[in-house]
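Worth saying up front: this structure is predicted, and the values here are computed from it rather than measured.
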Amino acid sequence: HCVLVPADRQTDEGQVSSNMHAVFAEYERVKILRRTKDGLQRRAKEGYPPAGSVPLGYRYIKNTGKKGGYYEIEPDEASVVQDIFRWYVQEGLTMHAIILRLIGAGVPTPWARRRQQTPHKYGSAGWHAESVRKILTNETYIGTLYYGKRKRVPGKSNPDRNTRWHHLPRDAWIAIPVPSIIDPETFQAAQAQI
């Protein structure tokens with residue numbers, strides 16, 4: 001509902017006015033979404049990583065006085081990432097065993113670290129195999145973050161709204177250089193075991 005439109009919409013003129021406001025509001029929403037997407041894509045092509053969800057082991061540093069920012073290695077988190085790779089590749093631990101080791105050592109989850117919260121006492125609310133697998137398969141750790149791996153597409157039951165994700169081909173991804181935490185050989189060894 002528009003705040004500036006009179007409450008009496010029972011008249012024909014009131015209904016037309018309300019509908020016109022709704023059409024222009026929807027048009028403005030679409031323009032804002034398009035501009036935001038285009039701006040993020042342009043920044044990625046210029047080599048600036050997104051500020052949103054920063055992978056474990058990095059912190060986002062905003063450039064002062066100019067657009068964009070960059071990733072900087074967060075030493076404590078980077079050592080956790082290196083431990084996970086070492087345990088998986090060199091020691092041959094399973095993902096479940098890695099989870100138990102992380103929980104046993106009291107290592108907070110990436111979510112808890114970002115939210116400055118205390119780590120959970122029990123594994124069911126903390127580390128999961130999928131979290132470990134995402135770390136082990138994330139190419140960012142070897143020095144390249146990829147932006148634009150997927151895009152929103154219309155849903156099957158609601159073709160008017162982009163409610164599903166569609167994975168794009170690798171050649172459409174935008175490569176952004178970042179500091180590496182893991183050497184390429186260790187990363188490839190982990191991929192061979194997954």
Other residues, nucleotides and ligands only: do more than 12 of their heavy atoms fall within 6.0 Å of [atom1] on [X]?
| X | atom1 | answer |
| --- | --- | --- |
| Lys156 | NZ | no |
| Lys149 | NZ | yes |
| Lys134 | NZ | no |

Check for me whether Arg42 meets the cation-pi criterion with Tyr48, that is, NZ or CZ under 6.0 Å from the six-membered ring centre and within 45 degrees of the ring axis.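 No.
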Can you find a heavy atom in the side chain of [X] that is under 4.5 Å from one in the side chain of [Y]?
| X | Y | value |
| --- | --- | --- |
| Leu40 | Tyr147 | yes |
| Phe187 | Val89 | no |
| Pro179 | Tyr70 | no |
| Val178 | Tyr58 | yes |
| Arg164 | Arg152 | no |

Find the distance between [atom1] ([X]) and [atom2] ([Y]) and round it off to the nearest 0.5 Å.
| X | Y | atom1 | atom2 | answer |
| --- | --- | --- | --- | --- |
| Ser131 | Ile98 | OG | CD1 | 12.0 Å |
| Ile174 | Leu168 | CD1 | CG | 10.0 Å |
| Gln90 | Phe85 | CD | CZ | 12.0 Å |
| Glu139 | Ile182 | CD | CD1 | 13.5 Å |
| Ile142 | Gln188 | CD1 | CD | 6.0 Å |
| Gln82 | Ile135 | CD | CD1 | 12.0 Å |

Side-chain heavy atoms nearer than 4.5 Å, only ILVMFWY residues, links allowed to pass through others: does that put [X] and [Y] together?
| X | Y | result |
| --- | --- | --- |
| Tyr141 | Tyr60 | yes |
| Ile194 | Tyr146 | no |
| Met95 | Leu100 | no |

Are the side chain of [X] and the backbone N or O of [Y] linked by a donor-acceptor pair below 3.5 Å?
| X | Y | value |
| --- | --- | --- |
| Tyr88 | Ala189 | no |
| Thr137 | Arg133 | yes |
| Thr144 | Thr140 | no |
| Tyr71 | Pro50 | yes |
| Trp87 | Arg101 | no |
| Glu77 | Arg59 | no |

If you look at every heavy atom in [X] and [Y], which pair is closest and at what distance?
| X | Y | answer |
| --- | --- | --- |
| Ile99 | Ala129 | CD1-N, 3.1 Å |
| Val107 | Trp127 | O-NE1, 2.9 Å |
| Ser79 | Asp76 | OG-O, 2.7 Å |
| Pro159 | Pro154 | O-CB, 3.4 Å |
| Gly143 | Ser180 | N-CB, 3.7 Å |

Check [Y] with [X], please: is the shortest side-chain N to carboxylate O separation under 4.0 Å?
| X | Y | answer |
| --- | --- | --- |
| Arg35 | Asp38 | no |
| Arg29 | Glu26 | yes |
| Arg34 | Glu28 | no |

Q. Val81 and Asn138: side-chain contact (heavy atoms from CB on, under 4.5 Å), yes or no, with the steps?
A. CA-CA 11 Å; Val81 172; Asn138 191 342; over 6 Å; no
Apply side-chain contact (heavy atoms from CB on, under 4.5 Å) to the pair His166 and Arg150, showing each step before the final yes or no. CA-CA 5 Å; His166 173 72; Arg150 56 192 189 152; over 6 Å; no
